[in-house]
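By convention in this document, chain letters (A, B, ...) are assigned in the order of the sequence lines, proteins followed by strands, and residues within each chain are numbered from 1.
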Amino acid sequence: MSNFYVTTPIYYVNDLPHVGHIYSTVVCDTMARFHRFRGDDVYFLTGTDEHGQKIQRAAAQQGVTPIQLADRVVERYVELWDQLGMTHDDLIRTSQERHHRAVQEMVRRIDAKGDFYVARHEGWYCSGCEAFYTDKELTEEKHCPVHERPAEWEAEENVFFRLSKYQEALLAWYDQDPSPVQPRSRRNEVRAFVEGGLRDLSVSRTKVDWGVSFPGHEGHTVYVWLDALTNYISALGFGSDDTSLFEKFWRSEEPDDQRIHLIGKDILRFHAVYWPAFLLSAGLPLPTSVVAHGWWLVDEKKMSKSVGNVARPDHLVEEFGADALRLFLLRDMVFGQDASFSDEAFVDRFNSDLANGLGNTLSRLVTLSRRAFDGQTPPVGTEWDGALRQFAEQCAGDYLSAMEESAFHRALEALWRLLGETNQFLVRNEPWKKLKNVEERDQVACVLASGLEAVRIVASALLPVMPSTAPKVLEGLGAPTVGNESSLAWGGLPLGAELPESPSLFPRIDKKKYFAAAEKQAEASSAPPPARKSDPDATRAEDSPQIDISQFAEVDLRVADVKAAECVPKSKKLLRLTLDLDGVERTVVAGIQQQYAPEDLVGGQVVIVANLKPAKLMGIESQGMVLAASVDGAAVALRPEKRVPSGTRVR
RNA sequence: GGCGGUGUAGCUCAGUUGGUUAGAGCGAACGGCUCAUAACCGUUAGGUCAUGGGUUCAAGUCCCGUCACCGCCA
């Protein structure tokens, strides 16, 4: 038995929870449950990242305090994790006092090591990124390359961390075998970055009040990443009076103990470069692995079509249960890679794996056994089928090794291979033809017991993945509803046990009906599709400050005909549109190239803000702005339901 | 521009240290069966393994070039 510590990223409270957050947390929860299943001592942490200028500003805009804003979003996370059956041991919030203390302790340790110095720093600053940019990195208009809004020239006297000092130590760390940075392609990426030379890192801010105050530097707060990363140990009591968890899950040096940070690939650098450097400086152990997973992508094109993405993940949960979503997320993504999220894929997976696979196999076995053995599993003394047993042992072994490698898709594949084999086994033996034949009773018992046993093993292995329905399957088999690794061994099925009438655990989804209904609902509520990335627009409508009608009237919205459209060279996002506005030609640049091809728009109509000050984008003057719903950064253009004269006012 | 990755059946992906007719699941078609949730079982799907060249007795699997997409960096 070893200590197993696993963490999700801490989620920024600027953003409401979406598939990406759900996925990270589901993966960690599954890992945590799997390790408990194996008998490890597990600590599973999730949390929220609440500091920074972005939150400060968003709160000010909404007329609330930062902590009020954070509380509101955290509440949503708590509800969601509850709904999804997450078993985290703690949820750390960076606004908590225990966290502040730990961050300050971290700062003191790094300081004691002599790894801080003060320097004046001047440059283009983007508050969205909370980072400085060089001239070259900005766009021609001095806009932030990420947020595409103006960067501000700022000067600060900052505390710097001697990151460059740790270059060699980091490279040596990456080169351990197995590498602590997973998957391998990510390790290479990080290694290349570090090899290219590290610049010291500015780790204090004077423009941000909403943060951890920097010990010894009045008016400075700690850089958000130094602050945020420390959550992984602050939650364990680092810097507090009680460091028992910290000693056990972070400081222990047992070779089998693990400290795993599961992260999205976008925050790899912070976790694989900055965080280990901070820890090295502070004289603390490093994580044993930093595992980066891919993104769930939403296929925009399918979104409004008859089949595709019409429902949000939370609707899927409401309708089909958290376990179905958990299975889908783990089974349909090759771990580490990107995958596309569509509810068509979800429904297909549900029907083929849960309804037809697990549910139906359970159902046919239970019915047969109840009929043959008077409502019970086959009698005590029944022999097992050797071939099926061997097959099951092979699959269970594959499952275990795949789970250890976080290869969830392969682990699940192994279980469904066993279900497939079980169905073939039944057809080969045709027990239903032998029910009435007394002479063949032993053989029927052997076949049914072995079939039930195979399903029992599958259900036991599913406990970490489908924590609320796997026990129901086990219950349906008359087997114990809890389990550990030894439950995967052949022969655990109670013989001669009462077998409840099989309930339909996973009723097949009628795909046509489902999509017809879902589409109607989507139209009615115009539910936004699942979000993917953090998005400043993802705040709730009721959070926006109110304006009066005259303010609205200042905005001149007009319908315009699209005469021509072309991609802006060298831009991934921008389209140059030539519009006709009541006979007057206008050029408008719109950031919708990823969702619309030029030919999708030409001949149609769009709504524009007609009295917007012209602005140059990629060297083209844009005389207006196309209105579009921003769904997590992806544009859905607003277009009149029917054609109206060009220049018609919108109000 | 530099570095790295990917490109295999309609879809999602496996393909070990190069070796007989390139695989799985899903979807589709046909047949079978009837215990079961219109399920289940069997058969079929004829894919230039992105592309051009090279090494080899033999290459999806190694080498070089090209194209496309993606990631990191500049």
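Distance, A:R186 CZ to B:rC72 P: 7 Å, rounded to whole Å. Rounded to a whole Å, the CZ atom of A:R417 is 9 Å from the C1' atom of B:rA24. B:rG27 atom C1' lies 12 Å from atom CG of A:N356, rounded to whole Å. The CZ atom of A:F425 sits 18 Å away from the P atom of B:rC40 (whole-angstrom rounding). If you take CG of A:L505 and P of B:rU37, they are 12 Å apart, rounded to a whole angstrom. For the pair A:L268 CG and B:rG5 P, the interatomic distance rounds to 16 Å; values are reported in whole Å. Rounded to whole Å, atom P of B:rA14 lies 9 Å from atom CD of A:E413.
Take the nearest nucleotide of RNA chain B for A:L419 and for A:L358: the residue whose nucleotide is more 5' is A:L358. Summary of the strand contacts: A:R508 and A:D338 both lie near RNA chain B, and taking for each the nucleotide with the nearest heavy atom, the more 5' one is attributed to A:D338.
Of the C1' atoms belonging to B:rU17 and B:rC62, the separation is 12 Å, rounded to the nearest Å. Here the separation of B:rG53 from B:rC67, taken at their C1' atoms, is 15 Å to the nearest Å. Nucleotides B:rA22 and B:rG46 are separated by 12 Å at their C1' atoms, to the nearest Å. Rounded to the nearest Å, the gap between the P atom of B:rC40 and that of B:rC26 is 8 Å. Separation of the P atoms belonging to B:rC72 and B:rG10 is 31 Å when rounded to the nearest angstrom. B:rC33 and B:rC41 have their C1' atoms separated by 7 Å, with the value rounded to a whole Å. For B:rG18 and B:rA58, the C1' atoms lie 8 Å apart once the distance is rounded to whole Å. Atom name P, nucleotides B:rA14 and B:rU21: the rounded distance is 24 Å, in whole Å.
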Worksheet item: Reading RNA chain B 5' to 3', how would its secondary structure be written in dot-bracket notation, given Watson-Crick and G-U pairs with both distances under 3.5 Å, brackets [ ] for crossing pairs and | for partners on other strands?
Response: (((((((..((((.....[...)))).(((((.......))))).....(((((..]....)))))))))))).
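With respect to A:E413 and A:R410, no salt bridge is recorded, no charged nitrogen being found less than 4.0 Å from a carboxylate O.
Closest approach of A:L435 to A:R371, counting heavy atoms only: CD1-CD, 4.1 Å. In this structure, A:G491 and A:R456 approach most closely via the heavy-atom pair N-NH2, 4.4 Å.
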Practice prompt. Test ring pair (Phe, Tyr, Trp, His ring centres under 6.0 Å) on A:F341 and A:F346 and set out the steps.
Written response: CA-CA 8 Å; A:F341 185 93; A:F346 174 88; 7.6 Å; no
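Nearest nucleotide to the A:S352 side chain, out of B:rG42, B:rC26, B:rC72: B:rC26.
Note: A:F320 and A:Y514 meet the aromatic proximity criterion, with ring centroids under 6.0 Å apart. Between A:H293 and A:F408, the distance separating the two ring centers is not shorter than 6.0 angstrom. Between A:W173 and A:Y166, the ring center distance fails the sub-6.0 Å criterion. Remark: aromatic rings of A:F270 and A:W225 are close, center separation under 6.0 Å.
Residue contacts shown for A:G359 include a base, since a base heavy atom lies under 4.0 Å away.
Here the side chain of A:S450 pairs a donor or acceptor atom with the backbone of A:D385 at under 3.5 angstrom.
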Under 3.5 Å between N/O atoms: give me all the protein pairs with nucleotides 33-35 of chain B, atom names plus distance.
from   : atom 1 : to     : atom 2 : distance (Å)
B:rC35 : O2     : A:R364 : NE     : 3.2
B:rC35 : N3     : A:R364 : NE     : 3.4
B:rC35 : N3     : A:R364 : NH2    : 2.5
B:rC35 : N4     : A:R364 : NH2    : 2.9

